[in-house]
Amino acid sequence: SKEQWLERYLGPDFLGRMWAQHLASAWAWRDRPNVLVMTFDEMKADLPAAVDRVAATLDVGLTAEQRERVIHRSGLAYMRENEAMFAPPTLPFPGPSKGPRMIRSGKSGGSRELLSPEDQARIDQFSREQLAELGCDFPYDEHFGRA
């Protein structure tokens, strides 16, 4: 259930903690010349430009055909057609599972469809606390827009 997921996510040894560790480790490297940090919204606003930035960061030359293929495979339609490639491993929840649906709408803020404002506030507070505990100065509220 959503409630089971939320309680596990907010636990000290589960996904929320791992997410904070992942973000903190990537954020610590953000100023290295071979690291590119982009948000989903930045990529969504101009996917071709995002592909160009990734290729430039990696110093990879793309032909026009390769570039178009990367753009196509980074799009919502392709991801929906190949959703199993993007799904996380099955979580250890009791009961039958059809597997998580990862590719829903292709836009930010979709959690509002599933989580109450109170649940979102709990996740935000937990995330801020985990990042602070790790000494990470990632501007959480700037990127996630809730205070």
Side-chain angles (χ1 to χ4, degrees), residues 1-2 4-6 8-11 13-93 95-117 119-124 126-128 130-147:
S1 71
K2 177 192 77 156
Q4 285 176 307
W5 176 87
L6 186 59
R8 288 185 186 226
Y9 184 87
L10 297 175
D13 298 316
F14 203 59
L15 294 175
R17 176 78 178 165
M18 288 185 274
W19 175 86
Q21 290 169 336
H22 173 74
L23 176 62
S25 67
W27 190 246
W29 287 24
R30 70 189 177 279
D31 294 324
R32 292 181 179 204
N34 63 340
V35 173
L36 175 63
V37 177
M38 278 192 292
T39 65
F40 175 79
D41 288 335
E42 290 169 332
M43 294 184 334
K44 180 90 171 149
D46 191 345
L47 183 56
V51 168
D52 293 341
R53 287 181 65 197
V54 170
T57 300
L58 297 174
D59 196 23
V60 172
L62 296 174
T63 66
E65 181 181 321
Q66 290 169 327
R67 182 178 181 267
E68 287 307 312
R69 188 171 180 191
V70 171
I71 291 168
H72 169 72
R73 287 179 163 223
S74 301
L76 180 62
Y78 179 85
M79 290 184 186
R80 279 190 172 156
E81 291 168 10
N82 298 280
E83 186 162 353
M85 291 178 10
F86 303 99
T90 304
L91 298 175
F93 295 127
S97 173
K98 297 176 189 165
R101 181 159 173 94
M102 289 296 298
I103 312 300
R104 294 190 336 260
S105 65
K107 55 187 169 192
S108 291
S111 64
R112 290 179 186 90
E113 300 166 7
L114 306 170
L115 300 171
S116 70
D119 291 340
Q120 290 178 356
R122 286 181 64 199
I123 291 170
D124 288 338
F126 179 83
S127 299
R128 285 185 206 99
Q130 293 298 309
L131 291 170
E133 182 179 308
L134 294 167
C136 180
D137 65 348
F138 177 79
Y140 184 90
D141 291 317
E142 177 184 324
H143 289 285
F144 295 103
R146 297 182 296 259

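Worth saying up front: this structure is predicted, and the values here are computed from it rather than measured.
Atoms CE and CZ, on M43 and F40 in that order, are 7.0 Å from each other to the nearest 0.5 Å. The CD atom of Q21 sits 10.5 Å away from the CG atom of L131 when rounded to the nearest 0.5 Å. One finds the CZ atom of R122 at 10.5 Å from the CG atom of L115 (value rounded to the nearest 0.5 Å). Distance check, rounded to the nearest 0.5 Å: CG of D119 to CG of L10 gives 8.5 Å.
Between F144 and Y140, the two ring planes are tilted [angle within 30° to 60°]. Ring pair W27/H143 is perpendicular by interplanar angle, where above 60° counts as perpendicular and below 30° as parallel.
The two residues I123 and W5 have their closest heavy-atom pair at CD1-CZ3, 4.1 Å. The two residues L62 and A55 have their closest heavy-atom pair at CD1-CB, 4.0 Å. Contact detail for P48 and R67: the closest heavy-atom pair is CB-NH2, 3.2 Å. Shown here for L47 and G75, the closest heavy-atom pair between the two residues is CD2-N, 4.2 Å. Heavy atoms only, all atoms of each residue included: L134 and A24 are closest at CD1-CB, 4.1 Å. When all heavy atoms of Q130 and A20 are compared, the closest pair comes out as CB-CB, 3.5 Å.
Of the candidates H72, Q66, R73, R73 is the only one forming a side chain to side chain contact (heavy atoms under 4.5 Å, CB included) with R69.
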Derivation and outcome, side-chain contact (heavy atoms from CB on, under 4.5 Å), residues V35 and T57: CA-CA 7 Å; V35 173; T57 300; over 6 Å; no
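Heavy-atom contacts from other residues, nucleotides or ligands closer than 6.0 Å to CG of N34 number more than 12.
No salt bridge links R53 with D46; every basic N to acidic carboxylate O contact stays at or beyond 4.0 Å.
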